[in-house]
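Working notes for the structure below.
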Amino acid sequence: MQEISLWDIENIKIGHAQDMEHATGCTVLLCERGAPAGVDVRGGGPASRETELLRPTASCQGIHALLLSGGSAYGLDAAGGVMQYLEQRGVGFPVGSTVVPLVCASCLFDLNLVSSAVRPDAAMARLACEDAQTRREGMGNVGAGTGATVGKYLGPDTMMKSGFGCYAVQVGDLKVGAMVAVNALGDVFDCDTGRQLAGLLTPDHKGFAGTEDAFLKAYAGLRNVFTGNTTIGAVITNGRFDKVQMQKIASMAHNGYARAIRPVHTTADGDSIYGLSVGDVSADLDVVGTLSATVMARAIKNAVLEATSAYGLPAARDILD
């Protein structure tokens with residue numbers, strides 16, 4: 001198994017756009033040839049668009065783009081910019097006089113970090129589509145990760161800056177990669193060593209307090225934890241799979257969330273993973289699902305390690321030795 005760049009997977013383009021001043025942004029994955037796709041939503045508070053297309057009973061057999069965005073449900077409007085961008089290029093489902101691009105989207109909550117009045121919109125999403133043509137790699141405080149934070153159970157005074165991460169591997173001709181914006185209620189751990197990397201801080205900001213420990217102390221009744229959470233991501237493979245198989249692979253990729261984030265899939269998170277097949281390599285579903293969990297866990301690790309302090313919040317590189 002060899003590490004590669006996510007940008008090395010064929011038939012996709014990935015771009016970011018962000019408003020650093022207002023701490024929000026979006027990330028687009030373009031698959032203009034169309035990609036069979038599935039989704040598995042496990043968090044209790046998702047904000048999503050066109051996920052019904054991915055149901056096994058829906059006639060849609062492939063999507064043309066995926067948007068990950070800040071702005072909570074308001075950010076879903078940004079998907080219109082992706083549709084405009086693709087329509088102008090003739091990419092989409094043909095309907096006679098025009099085409100209808102099939103664009104799925106999920107959003108994370110970053111409204112309270114700086115300004116709830118500024119959210120990703122169609123114009124920002126078009127910029128992300130244009131950025132996707134440059135093949136510039138980016139992680140940390142970019143795109144959908146611009147306003148991402150973790151360790152939020154006790155509020156903003158003890159939370160940390162997170163961001164956007166990706167990771168990909170190749171085995172023979174098979175490529176599997178993940179991208180993710182980590183905006184979790186819980187703490188983030190290194191999936192390979194078990195070391196905590198980010199999360200709920202002690203009051204002096206010199207170490208970690210542990211969200212699970214805080215949960216246990218409040219077992220009789222958890223505090224209101226709606227402070228803005230959700231980890232949203234995707235796994236992409238050049239393996240040949242249909243939408244039903246990609247839904248199973250997306251489901252297995254959630255094991256990567258569980259390896260890297262604790263607690264995860266809470267009622268206060270909107271944790272979602274998409275799965276996209278963008279190639280024709282013959283591959284076993286269980287192998288790809290297993291690899292998907294691995295690359296997702298390492299993408300989460302990169303999301304916090306590549307983030308930098310911002311908006312008065314420390315990042316992992318400020319806390320770790």
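We use all heavy atoms of the structure for the numbers below, so side chains are in, but hydrogens, waters and symmetry mates are not.
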Pair Arg298-Asp192, salt bridge (charged side-chain N to carboxylate O under 4.0 Å, His left out): steps then yes or no:
CA-CA 8 Å; Arg298 291 178 179 170; Asp192 298 308; 3.1 Å; yes
Between atom OG1 of Thr158 and atom OH of Tyr153, what is the distance when rounded to the nearest 0.5 Å?
11.0 Å
What distance do Leu197 atom CG and Cys191 atom SG have between them, rounded to the nearest 0.5 Å?
9.0 Å
With no hydrogens and no angle check, is any side-chain donor or acceptor of His16 less than 3.5 Å from a backbone partner on Ala144?
no
Which heavy-atom pair separates Ala283 from Gly239 by the least distance, and what is that distance?
CB-CA, 4.5 Å
Will you find, in the side chains of Lys13 and Gln133, an N or O donor that is under 3.5 Å from an N or O acceptor?
yes
So which atom in Gly75 and which in Leu67 form the shortest heavy-atom distance, rounded to 0.1 Å?
O-CD2, 4.4 Å
Could you tell me if Arg89 sits above the aromatic ring of Tyr85, with its cationic atom closer than 6.0 Å to the ring centre and no more than 45 degrees from the axis?
yes
So, do Met83 and Pro101 sit near enough that their side-chain heavy atoms are less than 4.5 Å apart?
yes
Verify the cluster assignment for Leu113 and Val118: are they in a single hydrophobic cluster under the rule of side-chain heavy atoms below 4.5 Å apart?
no
Would Asp190 and Lys301 satisfy salt bridge (charged side-chain N to carboxylate O under 4.0 Å, His left out), going step by step from the backbone distance to the final call?
CA-CA 6 Å; Asp190 186 324; Lys301 173 181 175 179; 3.0 Å; yes
Flag yes if Leu305 and Val150 sit in one hydrophobic cluster, no otherwise; membership is Ile, Leu, Val, Met, Phe, Trp, Tyr, and two members link when side-chain heavy atoms are under 4.5 Å apart.
yes
Is NZ or CZ of Arg262 both nearer than 6.0 Å to the six-membered ring centre of Phe189 and within 45° of the ring axis?
yes
Gln170 backbone acceptor or donor facing Gln2 side chain under 3.5 Å
no
Minimum side-chain heavy-atom gap Cys129-Leu30 below 4.5 Å
yes
Hey, does the side chain of Asn255 reach the backbone of Ala293 with a donor-acceptor pair shorter than 3.5 angstrom?
no
Tell me if a side-chain donor or acceptor on Tyr311 pairs with a main-chain N or O of Gly147 at a distance below 3.5 Å.
no
Quick check: closest heavy atoms across Gly233 and Tyr257, and the distance to 0.1 Å?
N-OH, 3.4 Å
Considering all heavy atoms, the nearest Glu10-Val278 contact
O-CG2, 3.4 Å
Test side chain to side chain contact (heavy atoms under 4.5 Å, CB included) applied to Ser106 and Ser48, step by step
CA-CA 4 Å; Ser106 281; Ser48 57; 3.8 Å; yes
Output the distance between atom CE (Met139) and atom CD (Glu306), rounded to the nearest 0.5 Å.
4.5 Å
Using atom types as modelled and distance alone, determine if a side-chain donor or acceptor of Arg136 lies under 3.5 Å from a backbone N or O of Asp131.
no
Give every residue pair that meets the salt bridge (Lys or Arg N to Asp or Glu O under 4.0 Å) criterion with at least one member in residues 95-104, sequence neighbours excluded.
none
Take a 6.0 Å sphere around CZ of Phe93 and say whether it holds more than 12 heavy atoms from other residues, nucleotides or ligands.
no
Working to the nearest 0.5 angstrom, can you tell me the gap between Arg49 CZ and Leu66 CG?
11.5 Å
Hey, does the side chain of Arg119 reach the backbone of Gly71 with a donor-acceptor pair shorter than 3.5 angstrom?
no
Return yes if some donor-acceptor pair links the side-chain N/O of Asn238 with the main-chain N/O of Leu174 below 3.5 Å, else return no.
no
Rounded to the nearest 0.5 Å, how far apart are CD1 of Ile9 and SG of Cys31?
12.0 Å
Show me, pair by pair, the donor-acceptor contacts under 3.5 angstrom made by side chains of residues 205-216, not counting sequence neighbours?
{"from": "His205", "atom 1": "NE2", "to": "Asp157", "atom 2": "O", "distance (Å)": "2.7"}
{"from": "Thr211", "atom 1": "OG1", "to": "Asp187", "atom 2": "OD1", "distance (Å)": "2.8"}
{"from": "Thr211", "atom 1": "OG1", "to": "Asp187", "atom 2": "OD2", "distance (Å)": "3.3"}

Within-4.5 Å side-chain heavy-atom neighbours: Val180 and Thr231
yes
Donor-acceptor under 3.5 Å (Ser251 side chain, Gln247 main chain)
no
Kindly compute the distance separating CD1 (Ile236) from CG (Leu6), expressed to the nearest 0.5 Å.
5.0 Å
Does the distance from a Lys or Arg side-chain N to an Asp or Glu carboxylate O, for Lys161 and Asp318, drop under 4.0 Å?
no
Group every Ile, Leu, Val, Met, Phe, Trp and Tyr by side-chain heavy-atom contacts under 4.5 Å, then state whether Leu201 and Val188 land in the same group.
yes
Any heavy-atom pair between the side chains of Val39 and Cys104 that's under 4.5 Å?
no
For the backbone of Asn112 and the side chain of Ser116, can you confirm whether one donor and one acceptor N or O come within less than 3.5 Å of each other?
no
Under 4.5 Å between side-chain heavy atoms, hopping through other hydrophobics if needed: is there a path connecting Ile273 to Val176?
yes
Consider only side-chain N and O atoms of Thr193 and Arg195, and report whether a donor and an acceptor are under 3.5 Å apart.
no
Report whether Val295 and Ile300 are members of the same hydrophobic cluster (ILVMFWY, side-chain heavy atoms less than 4.5 Å apart, transitive linking).
yes
Side chains of Arg33 and Asn11 in contact at under 4.5 Å (non-hydrogen atoms):
yes
Step-by-step side chain to side chain contact (heavy atoms under 4.5 Å, CB included) determination, Thr27 to Gln18
CA-CA 9 Å; Thr27 298; Gln18 51 277 321; over 6 Å; no
Val281 versus Asp173, closest heavy-atom pair with distance:
CG2-O, 3.7 Å
Smallest heavy-atom separation, Ala250 atom then Gly38 atom, equals CB-O, 4.4 Å
Test side-chain hydrogen bond (donor to acceptor under 3.5 Å, both in side chains) on Asp110 and Thr24; report intermediate values, then the result.
CA-CA 7 Å; Asp110 55 11; Thr24 194; 2.9 Å; yes
Does a side-chain heavy-atom distance below 4.5 Å link Leu276 with Val235?
no
Side chains of Ile232 and Cys107, heavy atoms from C-beta outward: is any pair under 4.5 Å?
no
Checking side-chain contact (heavy atoms from CB on, under 4.5 Å) between Met252 and each of Val288, Asp40, Thr290, which is the one that passes?
Thr290
Is there a side-chain contact between Val182 and Ser162 in this structure, where contact means two heavy atoms from C-beta onward sitting under 4.5 Å apart?
yes
Can a donor-acceptor pair be found, under 3.5 Å and without considering hydrogens, that links the side chain of Lys152 to the backbone of Met160?
no
Is there a side chain to side chain contact (heavy atoms under 4.5 Å, CB included) between Thr146 and Met20? Walk through the geometry before answering.
CA-CA 7 Å; Thr146 303; Met20 300 301 293; 3.8 Å; yes
Should Thr237 and Lys175 be marked as a side chain to side chain contact (heavy atoms under 4.5 Å, CB included) after you check the CA-CA gap, both sets of side-chain angles, and the distance that decides it?
CA-CA 6 Å; Thr237 179; Lys175 300 175 184 178; 5.9 Å; no
